[in-house]
Amino acid sequence: MEIPRNFYLDKLIKRKNNGLIKVITGIRRCGKSYLLNTIFYHHLLENGIEESHIIRFAFDSADDLHLIGESLIQMEKEKRGADPEKFMEYVRSQITEKGMYYLLLDEVQMLDCFESVLNGYLRKDNMDVYVTGSNAKFLSKDIITEFAGRGDEIHMYPLSFSEYMSVYQGDKYEGLSEYMLYGGIPLVVLRDEVNDKVAALENLFGEIYLRDIHKRNRIRNQSELEDLLNILSSAIGSLTNPEKLKNTFRSVKKSRITSNTIKKYLDCFEDSFLIESAHRYDIKGKSYIETPKKYYFSDLGLRNARINFRQIEQTHAMENVIYNELRMRGYRVDVGVVPISEKGEDGKAVRKQLEVDFVCNLGSLRYYIQSAYSLPDEEKRVQETRPFRKIDDSFKKIVITKDIVPAHYDENGIWILNIYDFLLDPASIGM
């Protein structure tokens, strides 16, 4: 069964022949290779591109490496990437006619000197280049530096809820419950049995993600790294920083781990796209607060598997789903802080900070969003919307709830929206 990824296919189509290297990044197994080598490949064929003008090469494929006289096992033994000279010679041998050639390269970070190789192809008028990679250090950050604006990044996430529902056999209410439990990694979604889904998630974590992080970053103390991942898994959407996490290690694990080591591990998780961090933003002061931050998992199924499907708090899971959806739609997402001053019981002024779950920016657009699992009564509604009433600008303010309510403005001009409409209709938050 093929899962439509039209959101990302459209991005590739719009960037075709734009003179830039299209770089598809994202967590392993989110569908990058399938998008490039199957969906986009068939799009090219269906739109008149001859098969001989499409050069596909996967650097993690033993068969493809054999075409250039390389061995995947030998590369592993020698701790090196594929020989760039052999690869470039292969590409030259494939270009035998006039016209545009499309170069689709999978896991390009496994090619030695890949930046220089790609830079060379940028200068060829008859080549349109697309690459995938799974590590931010090797790709998205280096692309920006190395190509000085000539790399065009398309970041891919696991299935959105809308994509998930395109293959889910059930209604949206059951679908969201399962989506929040098992996530949107395509190979997990396509498995029917619960035991198979759980086994796949556990295997992905142990055999793919953690192994990659250990290998790439040469982690000495693997148990500390995994302990940190467990702590983050148990506290998604909570404000934290390396110093606070260090104190948790010392009190719970009796560990002497340093805050610098914790920061290094957090960077490893972010570089592998397992997690993302949201910075705090002072809405009134219009400035960023460096620490603490919130961390969200790119896939809730992976997070839940890490904690053995215990501690599944619906409020935090829903917040994580909303965050991922906003990021997938292209918003920069921060955690909003609204400083206020109130009179205490003794009559003296007391400074407090109210929190807005998400401050979302895209170009000139800005939305303030609160994730409220339920609004059972007026007291809860007032509590959730209080930070909004302390913000004196005119940007749209939105509460997303799991309650089945029609979208509407309340008496304070706040847009109340149910999560199903938000996830299934990008236009539901309005302009």
Side-chain angles (χ1 to χ4, degrees), residues 2 5 8-9 12 16 21-46 49-97 99-122 124 126-135 137-140 142-143 146 151 153-154 156 185-187 204 207-209 211-212 215-216 272-273:
E2 180 172 295
R5 308 302 301 268
Y8 300 103
L9 175 61
L12 290 176
K16 194 163 63 172
I21 292 177
K22 276 65 71 174
V23 184
I24 307 169
T25 61
I27 190 172
R28 282 195 182 278
R29 301 298 187 267
C30 72
K32 302 184 302 298
S33 299
Y34 194 81
L35 170 69
L36 184 61
N37 290 314
T38 300
I39 298 177
F40 185 62
Y41 171 71
H42 285 126
H43 163 80
L44 293 175
L45 293 176
E46 290 163 6
I49 306 300
E50 294 183 15
E51 188 174 6
S52 61
H53 280 240
I54 305 172
I55 304 170
R56 293 188 291 176
F57 198 96
F59 289 95
D60 60 349
S61 164
D63 289 340
D64 283 1
L65 289 169
H66 182 71
L67 295 174
I68 61 172
E70 285 280 23
S71 163
L72 189 62
I73 295 173
Q74 197 65 31
M75 286 165 51
E76 178 68 23
K77 286 180 177 178
E78 296 174 5
K79 307 297 182 187
R80 64 173 179 84
D83 186 324
E85 294 292 347
K86 292 179 179 178
F87 172 71
M88 289 188 292
E89 179 58 35
Y90 170 75
V91 171
R92 282 192 290 269
S93 73
Q94 300 300 302
I95 300 177
T96 58
E97 302 172 340
M100 183 66 72
Y101 279 80
Y102 295 85
L103 190 56
L104 315 184
L105 307 181
D106 203 11
E107 299 297 349
V108 74
Q109 75 273 7
M110 295 179 67
L111 170 67
D112 276 346
C113 305
F114 73 86
E115 301 99 325
S116 298
V117 173
L118 297 181
N119 247 330
Y121 292 141
L122 272 172
K124 294 184 178 295
N126 65 335
M127 298 199 72
D128 194 25
V129 184
Y130 302 76
V131 303
T132 76
S134 304
N135 181 273
K137 276 184 179 176
F138 278 87
L139 279 164
S140 59
D142 282 351
I143 286 293
E146 200 68 33
E153 183 183 3
I154 300 162
M156 192 173 191
I185 299 292
L187 71 85
L204 283 172
E207 298 300 319
I208 304 294
Y209 305 123
R211 187 178 65 181
D212 269 3
K215 179 180 175 181
R216 284 175 172 155
S272 68
F273 302 117

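All figures in this text were calculated on a predicted structure; none of them were measured in a lab. Residue numbers start at 1 and run along the sequence shown.
- Taking the salt bridge (charged side-chain N to carboxylate O under 4.0 Å, His left out) definition, one finds that Arg28 meets it with Glu107, Asp212, sequence neighbours left out.
- Of all the heavy atoms in Ser33 and Asp106, the pair that sits closest is OG-OD2, 2.5 Å.
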What do the steps show when you test Tyr121 against Ile21 for side chain to side chain contact (heavy atoms under 4.5 Å, CB included), and what is the final call? CA-CA 9 Å; Tyr121 292 141; Ile21 292 177; 5.7 Å; no
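- Every residue was checked against the salt bridge (charged side-chain N to carboxylate O under 4.0 Å, His left out) condition with Lys86, not counting sequence neighbours, and none meets it.
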Donor-acceptor pairs are to be reported for all side-chain atoms of residues 61-69 against protein atoms at under 3.5 Å, with residues two or more places apart or in another chain.
{"unit_1": "Ser61", "atom_1": "OG", "unit_2": "Asp63", "atom_2": "N", "d": "3.4"}
{"unit_1": "Ser61", "atom_1": "OG", "unit_2": "Asp64", "atom_2": "N", "d": "3.1"}
{"unit_1": "Asp64", "atom_1": "OD2", "unit_2": "Ala58", "atom_2": "N", "d": "2.8"}

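- Here the side chain of Lys22 pairs no donor or acceptor atom with the backbone of Ile154 at under 3.5 angstrom.
- Using a 4.5 Å cut-off on side-chain heavy atoms (C-beta onward), Leu72 and Met110 make contact.
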Going through the checks in order, is the ring-ring contact (aromatic ring centres under 6.0 Å, His included) test met by Phe114 and Phe59? CA-CA 11 Å; Phe114 73 86; Phe59 289 95; 9.3 Å; no
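- With sequence neighbours excluded, no residue forms a ring pair (Phe, Tyr, Trp, His ring centres under 6.0 Å) with His42.
- By the side-chain hydrogen bond (donor to acceptor under 3.5 Å, both in side chains) test, Tyr130 pairs with Asp128, sequence neighbours left out.
- In terms of the salt bridge (charged side-chain N to carboxylate O under 4.0 Å, His left out) criterion, Lys77 has no residue partners (sequence neighbours excluded).
- Remark: Arg29 CZ to Ile208 CD1 distance equals 4.5 Å, nearest 0.5 Å.
- In this structure, Leu105 CG and Leu111 CG are separated by 8.0 Å, a value rounded to the nearest 0.5 Å.
- Annotation for Met75 and Gly81: closest pair CE-C, 3.7 Å, computed over non-hydrogen atoms.
- Between the SG atom of Cys30 and the CZ atom of Arg5 there is a distance of 6.5 Å, given to the nearest 0.5 Å.
- Shown here are the side-chain hydrogen bond (donor to acceptor under 3.5 Å, both in side chains) partners of Tyr102, two or more places apart in sequence or in another chain: Asn17.
- For the pair Thr25 and Phe273, the minimum side-chain heavy-atom distance is below 4.5 Å.
- A 4.5 Å side-chain heavy-atom check between His43 and Lys16 finds at least one atom pair inside the cut-off.
- Residues Met127 and Ile95 have side chains in contact (heavy-atom distance under 4.5 Å, counting atoms from C-beta outward).
- Between Phe40 and Ile24 there is no side-chain heavy-atom pair separated by less than 4.5 Å.
- Heavy atoms only, all atoms of each residue included: Val117 and Pro84 are closest at CG2-CB, 3.7 Å.
- Using a 4.5 Å heavy-atom cutoff, the side chains of Lys32 and Tyr8 are not in contact.
- Residues passing the side chain to side chain contact (heavy atoms under 4.5 Å, CB included) test with Tyr34 are Glu2, Thr38, Ile39, sequence neighbours excluded.
- Contacts of Arg80 classified as salt bridge (charged side-chain N to carboxylate O under 4.0 Å, His left out), with partners at least two apart in sequence or in another chain: Glu70, Glu78.
- Residues Thr132 and Asn37 form no side-chain contact, since every pair of their non-hydrogen atoms from C-beta on lies 4.5 Å or further apart.
- Side-chain contact between Val108 and Val23 is absent, with no heavy-atom pair separated by less than 4.5 Å.
- Applying the side-chain hydrogen bond (donor to acceptor under 3.5 Å, both in side chains) rule to pairs touching residues 88-97 yields His53-Glu97, Glu89-Arg92, sequence neighbours excluded.
- Smallest separation of non-hydrogen atoms from Leu45 and Ile49: CD2-O, 3.5 Å.
- A search for side-chain hydrogen bond (donor to acceptor under 3.5 Å, both in side chains) contacts involving Tyr41 returns Glu51, not counting sequence neighbours.
- For the side-chain hydrogen bond (donor to acceptor under 3.5 Å, both in side chains) test, no residue two or more places apart in sequence or in another chain qualifies with Glu46.
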